[in-house]
Trainee: 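One structure follows; several queries about it will come next.
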Amino acid sequence: MIKQDLLLQFGAEERYYDADDIIFSEGDVPTFFYLIIKGKVKLNNYNDLGKEFIQAIVPSGQSIGLSSLFTEMIYPKNAVAIEKCEILRLPKTTFLILLEQYPEYYSKIIRCLSEHIHYKFMMLQSMAFHNPSQKLLTLMNYLKYECGEHEPFSLQIPLTRQQLASLTGLSVETVIRVIKNLEKQGVVQIQNRKIFY
DNA sequence: ACATTAAGTTGCA
DNA sequence: TGCAACTTAATGT
């Protein structure tokens with residue numbers, strides 16, 4: 001995305017988070033641009049029953065809450081560290097000034113936003129029409145595409161069953177049952193509880 | 001090595 | 001699908 005040095009040059013501050021630390025919450029007014037240097041962050045919501053829905057899991061090198069910086073709207077989701085994280089943050093106004101001075105970054109930002117929207121479209125269509133196993137397959141196909149793997153069983157799914165459930169709106173039990181079925185069908189392999197697709 | 005906690009499983013309503 | 005009981009793996013002391 002945007003070079004670390006440049007962000008630091010503009011006065012970005014380094015912040016450290018432990019697992020489960022909240023970076024921002026649903027309803028907050030977006031005031032910073034965030035870039036993950038190390039660690040992973042999840043974007044989530046909770047339904048009225050307290051069930052978690054994970055909007056996305058964001059790896060290092062990517063920014064979070066980007067889309068909220070170009071509108072006057074409040075955050076529609078929480079951002080929570082899922083492991084120890086190092087994150088750079090730059091005040092929104094400074095960030096916009098940076099972009100004015102380095103407009104070449106606009107195209108990168110559009111690319112990031114577009115990729116995210118693409119993921120959203122794929123998942124939404126899958127969640128609206130498909131059965132549980134197809135929802136999981138859509139998610140796993142996306143993961144595989146994202147890391148450039150194509151061979152069968154070449155990707156170890158880096159998510160717990162609970163996380164798979166929260167990303168697809170299914171329950172853990174359903175994920176477990178569906179994954180076992182997929183294994184029977186030879187679509188995935190399971191080696192000491194790790195899922196290979 | 002033992003206790004504790006998290007993750008994964010399974011049967012049952 | 002969800003709860004609860006149970007197993008297994010991971011982590012702490």
Side-chain angles (χ1 to χ4, degrees), chain A residues 14-28 34-65 75-87 116 119-197:
Chain A
E14 284 179 288
R15 306 196 105 230
Y16 297 87
Y17 299 87
D18 284 325
D20 296 327
D21 282 356
I22 294 170
I23 298 157
F24 59 72
S25 301
E26 190 172 353
D28 287 355
Y34 295 92
L35 180 68
I36 307 173
I37 304 301
K38 255 179 59 184
K40 284 184 189 155
V41 173
K42 67 179 174 185
L43 305 176
N44 70 7
N45 298 109
Y46 291 92
N47 72 7
D48 41 5
L49 299 170
K51 184 176 170 184
E52 179 187 32
F53 181 76
I54 300 180
Q55 296 282 350
I57 292 183
V58 189
S60 59
Q62 293 191 219
S63 68
I64 48 179
Y75 283 125
K77 72 233 175 207
N78 310 292
V80 183
I82 51 180
E83 51 191 53
K84 270 190 179 290
C85 285
E86 182 185 339
I87 292 176
H116 189 238
Y119 167 79
K120 284 288 157 195
F121 271 124
M122 290 200 353
M123 288 307 290
L124 185 56
Q125 111 87 11
S126 182
M127 309 224 344
F129 294 134
H130 293 338
N131 57 44
S133 77
Q134 285 175 309
K135 290 182 190 179
L136 285 169
L137 285 171
T138 302
L139 177 60
M140 293 194 297
N141 278 329
Y142 186 82
L143 290 172
K144 203 157 166 173
Y145 161 78
E146 199 177 33
C147 67
E149 291 289 348
H150 301 290
E151 302 301 313
F153 316 126
S154 58
L155 175 66
Q156 179 184 334
I157 303 297
L159 301 167
T160 65
R161 283 149 179 71
Q162 181 60 67
Q163 287 173 324
L164 288 172
S166 297
L167 281 161
T168 49
L170 301 168
S171 65
V172 210
E173 296 94 327
T174 302
V175 169
I176 287 169
R177 287 160 188 151
V178 167
I179 292 289
K180 287 194 165 179
N181 268 327
L182 291 175
E183 187 193 23
K184 264 186 209 147
Q185 295 166 29
V187 181
V188 300
Q189 287 180 351
I190 301 177
Q191 285 171 32
N192 45 6
R193 297 181 165 189
K194 303 290 177 193
I195 302 164
F196 292 84
Y197 177 60

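Proteins get letters first, then strands, A, B, ... in listed order; numbering begins at 1 in each.
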Trainee: Just how far, in rounded Å, is C1' of B:dA7 from CG of A:L164?
Mentor: 13 Å
Trainee: Determine yes or no for a side-chain-to-main-chain donor-acceptor pair under 3.5 angstrom, with A:R161 supplying the side chain and A:S171 the backbone.
Mentor: no
Trainee: To the nearest angstrom, how far is A:N47 atom CG from C:dT1 atom P?
Mentor: 14 Å
Trainee: Specify the separation, in whole Å, of atom CD1 of A:I176 and atom P of C:dT8.
Mentor: 14 Å
Trainee: Closest to the A:T160 side chain: C:dA4, B:dA7, B:dC12?
Mentor: B:dA7
Trainee: In whole angstroms, how far is the P atom of B:dA6 from the CD atom of A:Q163?
Mentor: 14 Å
Trainee: Between atom CD in A:Q162 and atom P in C:dC3, what is the gap in whole Å?
Mentor: 12 Å
Trainee: Between A:Y34 and A:F24, how do the two ring planes meet: parallel, tilted or perpendicular, split at 30° and 60°?
Mentor: tilted
Trainee: Take the protein atom CG of A:L159 and the nucleotide atom P of B:dG8, then report the distance between them rounded to whole Å.
Mentor: 10 Å
Trainee: Taking only Lys NZ, Arg NE, NH1 and NH2, and the carboxylate oxygens of Asp or Glu, determine whether A:R15 and A:E86 approach each other closer than 4.0 Å.
Mentor: no
Trainee: Check whether the side chain of A:R177 and the base of B:dG8 form a donor-acceptor pair under 3.5 Å.
Mentor: no
Trainee: Rounded to the nearest angstrom, tell me the gap between atom CD1 in A:I157 and atom P in B:dA7.
Mentor: 18 Å
Trainee: Side chain of A:E173 only, please: which of B:dG8, C:dT1, C:dG2 is the nearest?
Mentor: C:dG2
Trainee: How many whole angstroms separate atom CD1 of A:I195 from atom C1' of B:dT9?
Mentor: 13 Å
Trainee: Can you identify which nucleotide, out of C:dT8, C:dT1, C:dC3, has its nearest atom closest to the A:R193 side chain?
Mentor: C:dT8
Trainee: Run the numbers on A:Y142 and A:Y119 for ring-ring contact (aromatic ring centres under 6.0 Å, His included), then give the verdict.
Mentor: CA-CA 8 Å; A:Y142 186 82; A:Y119 167 79; 4.7 Å; yes
Trainee: Does A:R161 put a side-chain nitrogen or oxygen below 4.0 Å from OP1 or OP2 of B:dG8?
Mentor: yes
